[in-house]
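Below you'll find the structure, written out as structure tokens, and then a few comments.
Keep in mind that what you see is a predicted model, and the values were worked out from it rather than measured. These values consider heavy atoms only, across backbone and side chains, with no hydrogens, waters or symmetry-generated copies. Below, chains carry the letters A, B, ... as their sequence lines are ordered, and counting in each starts from 1.
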Amino acid sequence: MTVPKAAGNLDPVALENSLIRTWNEEKIFYQSIENRRLKDSPFTFLEGPPTANGKPGIHHVISRLYKDMVCRWKTMEGHIVERKAGWDTHGLPVEIEVQKQLDLMSNEAIENFGMEAFNQKCKESVWTYEQAWREMTERMGFWVDMDDPYVTLHDDYIESAWWSLKQMFDKGLLFRGHKVLPYCPQTGTSYSSHEVAQGYKEVSEPAVFVKFKLKDSNSCILAWTTTPWTLPGNVGLAVGPKVTYCRVKITAEPSNSWEGRGGAELGDELILAKDLLGNVLRHKMEVLEEFPGSKLIGKSYEPLFPGAIDGSDSNAWTVVGADFVTTSDGTGVVHTAVMYGEDDYNLGMKEGFPSQHTVGMDGKFIKGTHDMLDGRYVKECDSDIIDLLNSCGKLYREHIYTHDYPHCWRTDHPLLYYAMDSWFVKMTAVKEQIIQYNSEVEWAPEWTGTKRMGEWLSNIKDWAISRERYWGTPIPVWICNECDNEHCVGSIEEMISMKTDDSPIPPELHRPYVDDVKLNCSNDDCSGEMIREPYVMDCWFDSGCASFAQWHYPFENKEKFEGVFPVDYICEAVDQTRGWFYSLLAVSTTVFDNVAYKRCLSLGHILDKDGKKMSKSRGNVVNPWDHFNKEGSDAIRWYMMTQSAPWTPTNFDPNGVRESYAKMFLTLWNVHRFYSDYASLDNFDPEEKDSYVDIKERSHLDKWILSRMTTVAENYHENFISWNFHKAGRELENFVINDLSNWYVRRSRRRLWNEDESNDKRSCQHTLHEVLLTVCRLMAPVSPFIPDQIHRDLTGHSVHLADWPVGSNLVERNLPPQNWVLEQEMALVRKLAETGRRVRVEAGRRQRLPCKSGWIVGGPDISDFHEILAEELNVEELTTEEDLDRFQRIEIAPNRKSLGKKCRQDLPAVLELLENADPDNILLEIEAEICILEGYDITMEDIELRRVEKENFAAATISFEEIGDVSLVLDMSLNEDLVSKGLARDIIRHVQAKRKEKNLDVEALIELDVWIDSKEQLFDNDWSHIQIETRAGNASINQGDIPKKIEYFEVDGIGVNFSVKEIN
RNA sequence: GGGCGUGUAGCUUAGUUUGGCUGGAGCACCCCGCUGAUAACGGGGAGGCCACAGGUUCAAAUCCUGUCAUGCCCA
């Protein structure tokens, strides 16, 4: 026997904390997986690993919610849903954090400190907030196995990553090249765009127009640059093939004053884009010819700094075409120094320019560049370079240029764009496959896949996976110091078997230990030693390996992995499109020739209440504990789901969390309390077969709420499938608040107050029991706490072990029958109740004063609900009526505009006649066109017809698409009987308020004394009714002297005094 | 600078795919009512240049173009 437990007041924080303990004790998470084991239908989820070196904020709660929700939902549908936690532990942000802590602001400083000690600090740092993350995760109810997580710094994980890199290497997808990065020579480090973004500064520095002398003519091509230090490295000039260029001849000295160095001789010939002549040239000139850029392509010119670069066997110092050339600034000719700009580098590779540095890693010119420059820091040479050019007539003009330029956030020095050695994965080689696999993923929202990711993939570039850093997965590539043979290691075993005898076995797969491992050259003919490339991997590569590396595949768990790959579901915020979503897809495409995930939900960000993003520096990060400890996790989770579509950015509104709590959870809890308190009082056992009331036997109201439940549950499920969780939640919330609480429970209150056993009472109890269980099961994936408590109170079992009520291919459907007609009729009834209240307000009839009669005109037969409606509207007798004319008459209003034109000065007289005439008669006359007043023909144009309620009636009409018009008419007449009843209701109301004010128990008896101006206005049976309703054990109605300090009120002009005392 | 989102009442939002009734809710506010009905409920009110500017159309919050703001990613 499971009699529902009485519910107390709702304390969400205490309830949730206590449930967390219960879950742990009963191992509910474990059970919820194991219980479905027999059905043998896994649904696989992959957790995107967070980094625990920052405090979790409210924005982390939302992605964990959507992960958890889908997993719980699929579990209830009968799937086995295992959830392994993960931690992302490598990467630049970790290093930066430690560098800040230890004040190690350059690579040199780190190396002096010691790589081993530094990496040890990094390793510690990534766990700084692990406890905070664990606590947040548990408190919000995110079920994930945190005791056996995958960790990207573990040797097992790294070994799997190595294995996957070797697969790429073996397929020829791994190669060595250059990547141009913002680089600080002071700290010896290159920067990510994230770091660059925090260091932009506005600077004013010299920019120059430089003359490049063509070999086959006397003309010079004019090019512009803001970085004079890159000029010694110039190996090419880029022009736009379709841009129009001019050859011009200098014909006169400049008319206005000349700024800075540079100049031109009369007769000099210069070539530049036509559109920019006016911007660039200061001399008077004559245009000799115009031609497209394509005419310039292939021409050779003289190097500015002969000898700085070895141009032999290359295409150096020629003009080439490039799409990126525009005429928005400069001269329409782009100076190209291969190693000092990304466009430059890409163009250089394409055109076969030499890729040689003129600048060392220390930021100084390499020996042999130029006598005046060798060994000097490049940014200090700008002016000397300009002098050098000027002295040999290669400078046309200099000017000061103001722009934003990235600076090192540590040293404040300007960064140099510098081509660094780097390893790449040749993504361009698998472009078609990855686009195909992307299209096979079910994306939510769809545009994340087709547009955001699709756009990115259609411009896919090779993936630079190496970083010149210390803390990360070491690149497992060794190079022979004799024969340059490259070897990629795919396992620990392979490394150890190849290592030289005097190399140590590394204690873990991190720098500096693996750096010390040297391998015997894998080339049979070579006896050289192989040295590891000194890089670590992009940490996105780490997390991109999660699907297999979490299982240490292929070294362990082979079967397990093959059964769960590709995973069914992943979910992260939208910024992961080019992050984790991409790296997973890139790795699975190159290694497995497959997708990595079948469904991907991309979430919008949570912003602060002003629509700004939450960030530490702004100080607007909301601490989730502010709400965990106030409204509780359920309310936060429900708020997040119902607030907006998952992919829409949402402004976080603390007030909204409160609202979710107050509306959804308090209401639900009070429905639960209303049912359970009475059920436990009555010892009601929902499972007892003898007292069960079949749904067919129950009242219309019961059948209605059960039908609504099914309709809502089905919509809820459909919305879940189409990722419209917000719509699902809103509809269910509306059901709980409006249908269940505000109508079903309100209308059923008296059924449960009844102390006698009855079929009707049991029907109501069964109905509430069934509806509450279904609501709890639907809500459980979203808000796992309060629904579980209610479910436990009602059944003794956890909701998380229950099945999804809508059913699935694994579990049975468990929903009551639907009755569409009944739902329609009830909608009409509720609409009529609303209408009736409005009619009363408009007619000035207070709610407690009953009406004698009410009539419903039109619409379907709803006489089954007349009793409910009569009570709602406080009408003694409600009937159906066919004829609206019984309550309405026609009124004729003059159309003054039309009559005024016709009658002019006789208008007042006509108006008077119209007003005094019998409207029915005169209307007949007008319609028959025989109406003449004061000699004027009155037509339909001259009047307006109105239907108004006859004396003592009030009415309103509502329109429905399916049913047509339905009118409600109320009888507004009064008699002594009604006044007495109204008076009684008011006395009851005041006494009840007093009882509540005195905090009396609902069951408590009172002694009631009442004084009324004229006693006979309250009929005896109404007085009896008052005594019953207020549980008055003793009651007297008095006249004469009224004691002082007693309650008094007045209604309809009758004064009432009363006193309430508790009888002990 | 490029790609992709977002912008509707003081706040949070529905409606935009597929153009069509007076742009619909909730919170907060004001008035009234109801309540042994909870932090509740009902009726009414006030509050909208649907970001802005053009265009297409009989008709635009909705489609097109541009601008602005804001967010993410890339440069």
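Under the 3.5 Å distance criterion, with hydrogens and angles disregarded, a donor-acceptor pair is assigned to the side chains of A/Trp463 and A/Asp538. Side-chain contact check for A/Thr667 and A/Ser741: no donor-acceptor pair (N or O, by modelled atom type) lies under 3.5 Å. Checking A/Asp793 against A/Gln789 by side-chain atom types alone, a donor-acceptor pair falls below 3.5 Å.
Counted within 6.0 Å of NZ on A/Lys630, heavy atoms from surrounding residues, nucleotides or ligands total 12 or fewer; the atom is thus considered open.
Here the P atom of nucleotide B/G36 and the CZ atom of A/Arg749 are 10 Å apart, to the nearest Å. Atom CD1 in A/Ile606 sits about 14 Å away from atom P in B/C72, given to the nearest Å. Between A/Trp540 atom CH2 and B/C74 atom C1' the separation is 14 Å, expressed in whole Å. The distance from atom OH of A/Tyr582 to atom C1' of B/C4 is 17 Å, rounded to the nearest whole Å. If you measure from atom NZ of A/Lys727 to atom P of B/U16, you get 7 Å, rounded to the nearest angstrom. Regarding A/Ile460, its CD1 atom lies at a distance of 14 Å from the P atom of B/A75, rounded to whole Å. As rounded to whole Å, 12 Å separates atom C1' of B/G26 from atom CZ of A/Arg658. Spacing between atom CG of A/Leu740 and atom P of B/A40 amounts to 18 Å, rounded to whole angstrom units.
With a cut-off of 3.5 Å on both pairing distances, B/A28 has no Watson-Crick or G-U wobble partner at all. In a base pair of the Watson-Crick type (N1 to N3 plus N6-O4 or O6-N4) or a G-U wobble (N1-O2 and O6-N3), with each distance short of 3.5 Å, B/G19 is matched with no nucleotide. Pair assignment for B/C68 gives B/G7, based on Watson-Crick or G-U wobble hydrogen-bonding distances that are each under 3.5 Å. Of the nucleotides present, none pairs with B/A14 by Watson-Crick or G-U wobble criteria with both distances under 3.5 Å. Across every strand in view, B/A60 sits unpaired, with no contact that passes the Watson-Crick or G-U test at under 3.5 angstrom.
When distances are taken from the side chain of A/Ala662 to each of B/U38, B/G3, B/A39, the shortest belongs to B/A39. Residue A/Glu455 places its side chain closer to B/G3 than to any other of B/G3, B/A75, B/G42. Here the nucleotide nearest the side chain of A/Arg846, chosen from B/G3, B/U38, B/C34, is B/C34. Taking every side-chain heavy atom of A/Lys451 into account, B/G5 is the closest of B/A14, B/G5, B/C27. Checked against B/C72, B/U38, B/G33, the side chain of A/Val574 finds its nearest nucleotide in B/C72.
Shown are A/Tyr661, A/Phe652, A/Tyr639, A/Trp638; of these, the ring-ring contact (aromatic ring centres under 6.0 Å, His included) with A/His627 is made only by A/Phe652.
Here the CG atom belonging to A/Leu968 is positioned 10.5 Å from the CZ atom belonging to A/Arg840, to the nearest 0.5 angstrom.
Nucleic acid contact class of A/Arg989 (heavy atoms, under 4.0 Å, all strands): base. Looking at heavy-atom distances under 4.0 Å, A/Gln992 makes contact with a base. Residue contacts shown for A/Arg985 are limited to sugar-phosphate atoms, with no base heavy atom under 4.0 Å away. Within 4.0 Å of A/Glu1029, counting heavy atoms only, lies no atom of the nucleic acid at all. Looking at heavy-atom distances under 4.0 Å, A/Asp575 makes contact with sugar-phosphate atoms alone, never a base. Residue contacts shown for A/Tyr661 include a base, since a base heavy atom lies under 4.0 Å away.
On the C1' atoms, B/G45 is 15 Å away from B/A28, given to the nearest whole Å. Between B/C68 and B/A53, the two P atoms lie 15 Å apart (nearest whole Å). Atom name P, nucleotides B/A46 and B/C52: the rounded distance is 23 Å, in whole Å. Look at the P atom in both B/A14 and B/C74: the space between them is 28 Å, to the nearest Å. The gap from the C1' atom of B/G24 to that of B/U62 amounts to 15 Å, rounded to the nearest Å. When the P atom is compared between B/C50 and B/G5, the two are found 24 Å apart, to the nearest whole Å. Distance noted for atom C1' between B/U16 and B/A61: 7 Å (whole Å). Remark: the separation of the P atoms in B/U8 and B/A51 is 7 Å, to the nearest Å.
Residues A/Lys451 and A/Trp443 are not in side-chain contact: their nearest non-hydrogen atoms beyond the backbone lie 4.5 Å or more apart.
In this pair, A/Phe725 and A/Tyr66 present their aromatic rings tilted. The plane angle is within the 30 to 60° band.
A donor and an acceptor atom sit less than 3.5 Å apart, one in the side chain of A/Arg995 and one in the base of B/G36. One N or O donor and one acceptor, one from the side chain of A/Ser741 and one from the base of B/U38, sit under 3.5 Å apart. With hydrogens and angles ignored, no donor-acceptor pair under 3.5 angstrom links the side chain of A/Arg837 to the base of B/C34.
Taking side-chain N and O atoms only, A/Lys663 has no distance below 4.0 Å to OP1 or OP2 of B/A40.
Along RNA chain B, the nucleotide closest to A/Thr650 and the one closest to A/Glu834 are compared, and the more 5′ of them pairs with A/Thr650. Residue order along RNA chain B, read from the 5' end via each residue's closest nucleotide, puts A/Arg452 first among A/Lys461 and A/Arg452.
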